[in-house]
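Quick note: numbers below take in every heavy atom, side chains included, and nothing from hydrogens, waters or symmetry partners. Only a predicted model underlies this, so the values are computations on that prediction, with no experimental measurement involved.
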Amino acid sequence: MSDLKQFNKNLCAFIDSSPTPFHAVEEIRLRLQQAGFIALDERADWQLEPGKSYHLIRNGSSIVAFRCGKTPVHERGWRMVGAHTDSPNLKVKPAPELHRQGYFQLGVEVYGGALLNPWFDRDLGLAGRVNYENASGQLCSALINIDRPVGIIPSLAIHLDREANNSRSINPQRDLPVVLLQSAEPKDFRVLLAETLAQQGVSDVAAVLDYELSFYDCQPAAMVGWNEDFIAAARLDNLLSCYIGLDALLAADSSEHTVLVCNDHEEVGSQSAVGAQGPMLESVLRRIAGNEIAWQRAIANSMMISADNAHGIHPNFSDKHDGNHGPLLNAGPVIKNNVNQRYATNSETSSLFRRLCASSDVKVQSFVVRSDMACGSTIGPLTAAAIGVKTLDIGVPTFAMHSIRELAGSQDGFNLSKVLAAYYELESVVDSDRC
């Protein structure tokens with residue numbers, strides 16, 4: 001495992017290289033490949049070997065990486081960590097072209113529960129997946145990342161809206177179209193994409209057929225604060241957890257069966273072929289187990305840790321927290337609890353995690369939402385319900401969750417990685433007999 005400074009440097013580089021789930025999965029794949037993980041094809045027969053490491057990808061936006069332990073999986077089960085690759089953003093519509101007042105704009109849809117105000121007056125890049133027909137008539141796809149400011153959503157001047165600081169609301173249809181350029185002539189967005197692909201070395205594009213593209217903030221991740229106490233970046237929710245899980249998996253000196261799953265579509269409910277409410281993880285684990293009895297025995301010996309950011313107590317809005325459950329940045333990972341099962345934590349899984357934190361010399365905190373407020377959720381309850389595995393919900397405390405730029409403590413990711421590496425090395429996660 002790297003030291004704190006190197007961990008944060010690598011984390012920032014990972015986030016900057018991952019403007020979309022497609023890019024995040026590609027970055028994870030490259031790091032796994034460098035560590036010797038073998039790529040699997042779900043259409044092929046698998047010949048898995050004890051002690052070997054593997055990974056597979058669906059849709060280019062979700063990934064499962066695993067190590068095969070030295071003992072049969074039904075005897076020891078899996079040590080699993082789950083996170084998600086997607087973040088709230090603005091996605092380009094299928095027919096996005098708007099030509100108004102001599103400006104060429106793109107219409108967008110809001111993906112997930114985005115905090116919209118911070119999207120105004122930001123330098124916006126554009127990235128995602130483009131599907132096209134090549135000169136030979138084949139269907140192809142390519143990732144693009146226009147990592148320079150190609151778009152902006154200008155605010156309306158306060159002189160034209162004197163109540164802006166008191167009551168301005170945002171209409172996504174009216175207020176969020178992104179300004180790309182000035183032009184007296186109409187533009188075809190797909191033609192612009194074909195030109196962009198050519199500039200990036202894809203020269204055989206006959207026609208752009210479709211795309212999944214998102215605008216993102218071009219400002220890179222940074223260490224901020226007088227003493228660099230914080231990390232400010234886009235998409236900390238939940239690329240931070242993806243990177244922590246990856247770092248822990250690669251650092252763990254483990255002969256156990258270990259799994260990292262990073263799913264897409266959490267921000268919109270996870271109900272998709274590659275989301276946590278879909279069949280991806282279960283199908284992979286069943287293939288590893290080999291038969292139904294081995295699968296059931298393995299799950300009974302397994303545990304999932306769902307890692308997703310927690311709400312740190314904001315110094316300007318401390319009344320938004322329960323007085324006894326206000327996590328502080330740089331004060332340790334947070335165990336997330338909810339009696340209505342919005343989080344999957346129970347007393348047994350949280351106790352095991354507390355012991356891991358103690359043995360790793362890492363402080364631990366708890367979060368419970370105020371009793372008069374609604375609680376968000378994670379992939380934890382979805383995974384627990386889908387495959388019947390005992391689960392814990394944890395996360396790194398952050399500010400400004402779902403903003404275009406979020407804030408986390410500079411020590412918390414590194415410390416959580418240490419704890420998860422120790423978890424990956426556990427010989428057993430089975431409940432002890434009652435004393």
Side-chain angles (χ1 to χ4, degrees), residues 1-4 7 11 65-67 69 71 73 76-83 238 240-262 298-310 312 325 327-338 343-368 378-381 383-384 389-398 408-409 411-435:
M1 181 179 295
S2 58
D3 61 18
L4 175 61
F7 176 92
L11 167 64
F66 62 93
R67 282 198 176 106
T71 58
V73 69
R76 304 280 270 268
W78 291 283
R79 319 290 172 265
M80 293 184 282
V81 173
N238 192 26
L240 176 55
S241 298
C242 291
Y243 185 78
I244 292 169
L246 175 64
D247 187 70
L249 180 67
L250 298 182
D253 181 15
S254 180
S255 60
E256 302 301 322
H257 294 267
T258 56
V259 177
L260 172 67
V261 55
C262 297
I299 285 296
N301 283 307
S302 299
M303 180 171 162
M304 164 65 79
I305 292 182
S306 166
D308 201 346
N309 296 11
H325 302 91
L328 299 172
L329 274 59
N330 290 319
V334 179
I335 298 172
K336 299 158 74 171
N337 299 270
N338 182 260
Y343 304 131
T345 302
N346 63 36
S347 61
E348 291 178 332
T349 58
S350 64
S351 295
L352 184 147
F353 187 74
R354 289 181 185 278
R355 291 186 63 181
L356 283 171
C357 289
S359 65
S360 302
D361 195 26
V362 171
K363 294 182 290 185
V364 64
Q365 307 180 82
S366 295
F367 173 77
V368 177
T378 70
I379 68 169
T383 304
V389 67
K390 60 187 171 189
T391 302
L392 170 75
D393 269 293
I394 55 96
V396 167
T398 57
Q411 301 174 35
D412 287 326
F414 177 72
N415 286 330
L416 179 54
S417 181
K418 290 196 297 184
V419 178
L420 293 184
Y423 161 72
Y424 275 136
E425 294 170 1
L426 283 177
E427 290 187 3
S428 176
V429 292
V430 176
D431 305 335
S432 58
D433 294 333
R434 290 183 174 84
C435 301

Given the rule in the side chain to side chain donor-acceptor pair (under 3.5 Å) test, do S255 and R76 qualify, once you have shown the distances and angles that lead to the verdict? CA-CA 11 Å; S255 60; R76 304 280 270 268; 5.5 Å; no
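- Closest approach of A65 to L249, counting heavy atoms only: CB-CD2, 4.0 Å.
- Side-chain atoms of S360 never come within 3.5 Å of backbone atoms of V362 as a donor-acceptor pair (strictly under, hydrogens ignored).
- Rounded to the nearest 0.5 Å, atoms OH (Y424) and CG (L250) are 9.0 Å apart.
- When side chains are defined from C-beta on, V261 counts as touching M304, because their heavy atoms get closer than 4.5 Å.
- Between C357 atom SG and L352 atom CG the span is 10.0 Å, to the nearest 0.5 Å.
- The CG atom of L246 sits 11.5 Å away from atom CG of L420, with the distance rounded to the nearest 0.5 Å.
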Please test L11 against L240 for side-chain contact (heavy atoms from CB on, under 4.5 Å), starting from the C-alpha separation and ending with a verdict. CA-CA 7 Å; L11 167 64; L240 176 55; 3.6 Å; yes
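- Between F414 and L4, the closest heavy-atom pair is CB-CD1, 3.6 Å.
- Between H257 and T71 the shortest heavy-atom distance is NE2-O, 2.6 Å.
- M80 pairs with exactly one of I305, V429, V389 by the side-chain contact (heavy atoms from CB on, under 4.5 Å) rule, that one being V389.
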Run E256 and E427 through side-chain contact (heavy atoms from CB on, under 4.5 Å) and show every step you take. CA-CA 7 Å; E256 302 301 322; E427 290 187 3; 3.9 Å; yes
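- Taking the side chain as every heavy atom from C-beta outward, V419 and N415 never approach each other to under 4.5 Å.
- Closest of all the heavy-atom pairs between M303 and L392 is CE-CB, 3.9 Å.
- Between the side chain of K390 and the backbone N or O of E348 there is no donor-acceptor pair closer than 3.5 Å.
- Side-chain N or O atoms of D412 include none that pairs as donor or acceptor with a backbone N or O of P333 at under 3.5 Å.
- Taking 4.5 Å as the limit, some side-chain heavy atom of R354 sits within range of a side-chain heavy atom of S366.
- Between F353 and Y423, the gap from one ring centroid to the other reaches at least 6.0 Å.
- When all heavy atoms of P397 and G332 are compared, the pair lying nearest together is CD-O, 3.7 Å.
- At least one donor-acceptor pair closer than 3.5 Å links the side chain of R79 to the backbone N or O of L426.
- Between T391 and T349, every side-chain heavy-atom pair lies at or beyond the 4.5 Å cut-off.
- With contacts defined as side-chain heavy-atom distances shorter than 4.5 Å, the pair S241/N309 qualifies.
- In this structure the side chain of D361 never reaches within 4.5 angstrom of the side chain of K418, judged on heavy atoms.
- Residues passing the side-chain hydrogen bond (donor to acceptor under 3.5 Å, both in side chains) test with R355: none are found, sequence neighbours excluded.
- A 4.5 Å side-chain heavy-atom check between W78 and F66 finds every atom pair outside the cut-off.
- Put simply, the side chain of N338 never gets that close to the backbone of Y343: no donor and acceptor are under 3.5 Å apart.
- Between the side chains of T345 and N337, no donor N or O sits under 3.5 Å from an acceptor N or O.
- Here the shortest heavy-atom pairing between S417 and F7 reads CB-CE1, 4.0 Å.
- Residues meeting the side-chain hydrogen bond (donor to acceptor under 3.5 Å, both in side chains) test with T398, sequence neighbours left out: none.
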